[in-house]
Amino acid sequence: DIRSLGCEEKRELLATIEQAVAFVTTMIFQDGSSQLSSEQVLTSSVKGVVVLVKNQTDHPCPPSYSSIDYTWNAANENDKLIYLKTEWSSLWEQEQQAHKKFAWQVLFQMLHCKVPIICFNAKDFLRTLLQVYGNEISWKQVADSVVLDPRIAAWLINPSDTVPSFESLIQKYFEKPFSMGTVNTDTGTLRNASVSTLKLFFLIYLYQYQNLRVNLEKLYNVMRYLARDLQVQGLWKLFCTLELPLIKILAVMETHKIHVNTQELKKTSDILGLRLKELEQEAYQVAGGQFLLTSSSQLREVLFEKLKLHVLCEKVHRTEIQQLVSTSEVVLNKLQDLHPLPKIILEYRQVHKMKSTYVDGLQTCIRKGFISSTWNQTGTVTGRLSAKQPNIQGISKHPVRITKKQYIKGKEAEIVTISPRTLFVSKKGYSFLAADFSHIELRILADLSSEPELLKLFQEPETTDIFSTVASQWKGIPSEEVKHADREQAKRIVYSVVYGAGKERLADSLGITPLQASQFIESFMQKYKKVHEFTKKTIEQCRNKGYVVSIMGRKRPLVNINAQDYKLRTQAERQAVNFVVQGSAADLCKMAMVEIFTSVVISPTLTARLIAQIHDELLFEVEDSQILEFSALVKRTMESLQQTTALEVPLKV
DNA sequence: TGGGCGACGGGGCAC
DNA sequence: CGTGCCCCGTCG
Ligand SMILES: [Mg+2]
């Protein structure tokens, strides 16, 4: 505990840190738990930080473990365990001030000496440091830290393993038979602790910390094995150059708060609520009774048992598991001419979705007028990011129009449009800047398949809009005559066919017959032969290796690729094709994030902050005076990834 | 008997 | 067709 150290001891400690070969660290929460105890990390507030300082051992690991320009060291009784308190009862006292200052000195040195910091859920650790020392430091100061996160390593090795826990990693890597020879120090360190002179009531705390020491030593060893595994699987570079730098980017992003227009939020919630009440009454009238409009099972009863609407309609969708007649949008659209109820339900659903998810749902995420999403780096199988509370990647784009009778009588207009994205407002003197890759997945597909027709479209400068051009070629009409609907149809056909949509699915999404859809699929395969070859080749490679690989070497194992079961096998085939394209797009967007972050950190003047990543789009908050300079930098950086990754096709932002 | 809780299914938004 | 998050209702 640094609070018990004298002046000389503090100096010694800083010297030890300078000599360290690694740090293994975790936050300690108010309830005594650490980041290693499974989940529940955000519920309890942070009490302090424990750091295991790894020192050079007399017996370094055998060379087989040190092939990454780094020597992994066996557990050693010289390893030091430090406790840094980060929470202070009152900063009025000089003593506490001094402790806080010294704690930061220790952490600052750790973060800047380029010695790896191993931390399970490193993002939460970095974010907490930024929050605790927010007044003293700039976010740019965490930029050159070297953090290793075992959870991310494990996820890269097996992205299907949804959030591996510390315990499961121990099981998998540490308690393997072959690890027995190298690691046997856990009970040793416990016994070596000479605690007999300490007062009794300290024993329990000491035991806790010794237990923690054991676990941190284990974590260090787990990271050793993971590092080896990453190297063997060719994932080490991806880990070091893309996923690790992303940790701090996400940590910094989580410390940034976005302002929300709470007054507008409240107002729209009320308007939507009134409209829902109206629709509810209309629905009860035409249905001839009350029922829960939000309940699909009750609606099913009304539509198909009471009114028997489905018998007048052939080929209605059924639900996936229970194989009941679906009440989904597609089905309700088909029923519209038979009865007034489906139309009412459709509007009710739209308004209810808007209110519950985007307005009231957003409201629950607001703290003091601001929101900040939690970003999950290991939440997808394709390498994408995910966000929650709020899911800022899923905010509706399309506005909803509400016709209102009387809200504030006569004062307001009859029709109001509600678009959730306008509820987010930038700081005064700043603007939001969005930069998105244009048709990134299609470009990647063109590159991976080397399809000449597709490549040509992207390489020719006269192609202003890819899907309009595809539509004009498709329908054999001049590009000026391509309508919005034609473009949308072309877009749907392209993405549907590429990812293996069946004729029924495509028919539903286009509102055509399955026969027409199957003809579309056929002629698409005919026109873009190399795309079809690419999908076949991808599936074949997956069958042989058991996994597929993205542009940057990200892997997705698909055991079902050789399954007997037709449904499982074909699903794996579609997942394989989708992964290569979606995963590669995720690679590129992450690379853009890392490069732009680095540029801003280096710049003494740029202050732009990343607000969100929406898969192929980066959203920033930029000082108004820097918009021109920064947007040029962003565009240049993103587009030059073509050269970085040696793509045949240009990237457009 | 009834409320709280988690798992699950259906539905719908994003890319 | 793929990848997510989140709403709601149902059920045990
Ligand atoms: Mg785009």
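These numbers come from a predicted model, not from an experiment. These numbers come from the heavy atoms of this one structure, side chains and all, not from hydrogens, waters or symmetry mates. Chain A is the first sequence line, chain B the second, and so forth, proteins listed ahead of strands; every chain is numbered from 1.
Rounded to an integer number of Å, the gap from NZ of A:K567 to C1' of C:dC1 is 14 Å. Rounded to whole Å, atom P of C:dT3 lies 16 Å from atom CG of A:D587. Atoms CG (A:L299) and P (C:dT10) sit 12 Å apart, rounded to a whole Å. Between A:I395 atom CD1 and C:dG4 atom C1' there is a gap of 13 Å when expressed in whole angstrom units. Rounding to whole angstrom units, CD of residue A:Q377 and C1' of C:dG4 are separated by 16 Å. If you take CD1 of A:I614 and C1' of C:dC5, they are 14 Å apart, rounded to a whole angstrom. Note: CD (A:E441) to C1' (C:dT3) measures 9 Å, nearest angstrom. Across the protein-nucleic acid pair, A:K503 atom NZ and C:dC1 atom P stand 10 Å apart, rounded to whole Å.
The line from CD of A:Q526 to NE2 of A:H532 is 10.0 Å long, rounded to the nearest 0.5 Å. Between the CD atom of A:E453 and the NZ atom of A:K530 there is a distance of 12.5 Å, given to the nearest 0.5 Å. The structure places CG of A:D436 at 7.0 Å from CE of A:M638, a figure rounded to the nearest 0.5 Å.
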Worksheet entry | Stepwise ring pair (Phe, Tyr, Trp, His ring centres under 6.0 Å) test for A:F524 and A:Y528 | CA-CA 6 Å; A:F524 181 92; A:Y528 305 108; 5.0 Å; yes
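Using a cutoff of 4.0 Å between basic side-chain nitrogens and carboxylate oxygens, A:E441 and A:R384 are scored as salt-bridged. Look at A:R554 and A:E243 and you find a salt bridge, because one of the NZ, NE, NH1 or NH2 atoms lies within 4.0 Å of a carboxylate O, short of that distance. The existence of a salt bridge linking A:K353 and A:E347 is excluded, since no basic side-chain nitrogen approaches an acidic carboxylate oxygen closer than 4.0 Å. Checked for salt-bridge contact, A:E254 and A:R127 meet the test: a charged N lies under 4.0 Å from a carboxylate O. Ion pairing between A:E573 and A:R543 holds under the 4.0 Å rule for side-chain N and carboxylate O. Ion pair A:E329/A:R349 not flagged as a salt bridge, since none of the NZ, NE, NH1 or NH2 atoms sits closer than 4.0 Å to an Asp/Glu carboxylate oxygen.
Backbone-only contact: A:L292 has heavy atoms under 4.0 Å from sugar-phosphate atoms and none from a base. Within the nucleic acid shown, A:G502 comes within 4.0 Å of sugar-phosphate atoms alone, with no base atom in reach, counting heavy atoms only. Within 4.0 Å (heavy atoms only), A:E617 reaches no atom of the nucleic acid at all. Residue-level contact check: A:V581 touches neither bases nor backbone, having no heavy atom under 4.0 Å from any strand. Residue-level contact check: A:A585 touches neither bases nor backbone, having no heavy atom under 4.0 Å from any strand. Among the protein residues, A:R300 comes within range of the sugar-phosphate backbone only, with heavy atoms under 4.0 Å from sugar or phosphate atoms but none that close to a base. Contacts of A:Y358 with the nucleic acid, taken as non-hydrogen atoms under 4.0 Å apart, involve only primed sugar atoms and P, OP1 or OP2. Residue contacts shown for A:R574 are limited to sugar-phosphate atoms, with no base heavy atom under 4.0 Å away.
Within residues 509-521 of chain A, no residue has a heavy atom under 4.0 Å from DNA chain C. Near DNA chain B, meaning a heavy atom under 4.0 Å away, the residues from residues 316-354 of chain A are A:T319, A:E320, A:I321, A:Q322, A:S326, A:T327, A:S328, A:E329, A:R349, A:K353.
Close to C:dG9, at under 4.0 Å from its OP1 or OP2, lies no side-chain N or O of A:Q298. Between A:S295 and the phosphate of C:dT10, there is a side-chain N or O to OP1/OP2 separation shorter than 4.0 Å. Distances shown here put every side-chain N or O of A:R556 at or beyond 4.0 Å from the OP1 or OP2 atom of C:dG2.
Under 3.5 Å, the side chains of A:Q582 and A:T382 contain a donor-acceptor pair of N or O atoms.
One can find a donor-acceptor pair under 3.5 Å joining the base of C:dG2 and the side-chain atoms of A:Q582.
For DNA chain B, the span of nucleotides reached by chain A at under 4.0 Å from its heavy atoms goes, 5' to 3', from B:dG9 to B:dC15.
The pairing partner recorded for B:dG11 is C:dC6, the criterion being a Watson-Crick or G-U wobble arrangement whose two distances lie under 3.5 angstrom. Using N1 to N3 plus N6-O4 or O6-N4 for Watson-Crick, or N1-O2 and O6-N3 for G-U wobble, each under 3.5 Å, B:dG2 pairs with nothing.
Centroid-to-centroid, the aromatic rings of A:H439 and A:F467 come within less than 6.0 Å.
Ring geometry for A:H259 against A:F370 counts as tilted: the plane angle lies between 30° and 60°, on a 0 to 90° scale.
Checking C:dT10, C:dC7, C:dT3 against every side-chain atom of A:S356, the shortest atom distance belongs to C:dC7.
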